[in-house]
Each structure stands twice: as structure tokens, then as C-alpha cells.
Amino acid sequence: MNCQKCRRKALEAVAETDGVCFLGLEGENKEKVVVIGDGVDAAKLACRLRKKVGYTDIISVAPADN
């Protein structure tokens, strides 16, 4: 993500997704969106982000620690 407007759009899209408990930005240039939640569908979330901000990759998906 190259600009603050794109970051805001991405965070808003993620925040509207059901099951999200935490979201934030990480990376040297704040180019990665970190999402933590219960029952979040990573593929649907990536598709939604592609529509809002363009190119999107899923870097990792991990099960919740119970």
C-alpha cells in the first residue's frame, strides 16, 4: 500500500468483516495488514481487500490457540 488513503480503506474493509478481534498494520512501510479473529475466512477477506485496494496476498493463516 503506497498511501495513507489505501491503508485506511484496507483497515475499514477488514473492520467490517465478521469475527475480527484485532487488526493493525506492520512492516517497515506499514504495508501489511494483520488480522486476528475467530471464524474469519481468509479467502473472502483477501477477495474483499482486492476489490478495495488492489493486489492482495495471504501471507499466513494459523489456527487459534485454545
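Note that the structure is a prediction, hence the values are computed from the model and not measured.
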**OP:** Grab the two heavy atoms, one from Ala42 and one from Val61, that are nearest each other, plus how far apart they are.
**Re:** CB-CG2, 3.9 Å
Donor-acceptor list for residues 15-23 side chains, cut-off 3.5 Å, not counting sequence neighbours:
{"residue": "Glu16", "atom": "OE1", "partner": "Arg48", "partner atom": "NH2", "Å": "2.7"}
{"residue": "Thr17", "atom": "OG1", "partner": "Ala13", "partner atom": "O", "Å": "3.1"}
{"residue": "Thr17", "atom": "OG1", "partner": "Val14", "partner atom": "O", "Å": "3.3"}

Subject >> Closest contact, heavy atoms only, Arg7 versus Asn29 >> reply: NH2-O, 3.0 Å
Subject >> Distance in Å, Lys9 NZ paired with Lys51 NZ, rounded so as to fall on 0.5 Å steps >> reply: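 The distance works out to 14.5 Å.
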Subject >> Short side-chain to backbone donor-acceptor contact, Asp41 and Ala43, under 3.5 Å >> reply: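 Flag set: sc Asp41 to bb Ala43 pair under 3.5 Å.
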**OP:** Of all the heavy-atom pairs spanning Val33 and Ala10, show the shortest one and how long it is.
**Re:** CG2-CB, 4.2 Å
Original post:
Which distance, rounded to the nearest 0.5 Å, do you find between the CG of Leu49 and the NZ of Lys44?
Top reply: 14.5 Å
Original post:
Ser60 side chain to Ile58 main-chain N or O, any donor-acceptor pair under 3.5 Å?
Top reply: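 Between the backbone of Ile58 and the side chain of Ser60 there is no qualifying donor-acceptor contact (under 3.5 Å).
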Original post:
When hydrophobic residues are tied together by side-chain contacts of less than 4.5 Å, even through go-betweens, does Val35 share a cluster with Leu25?
Top reply: yes
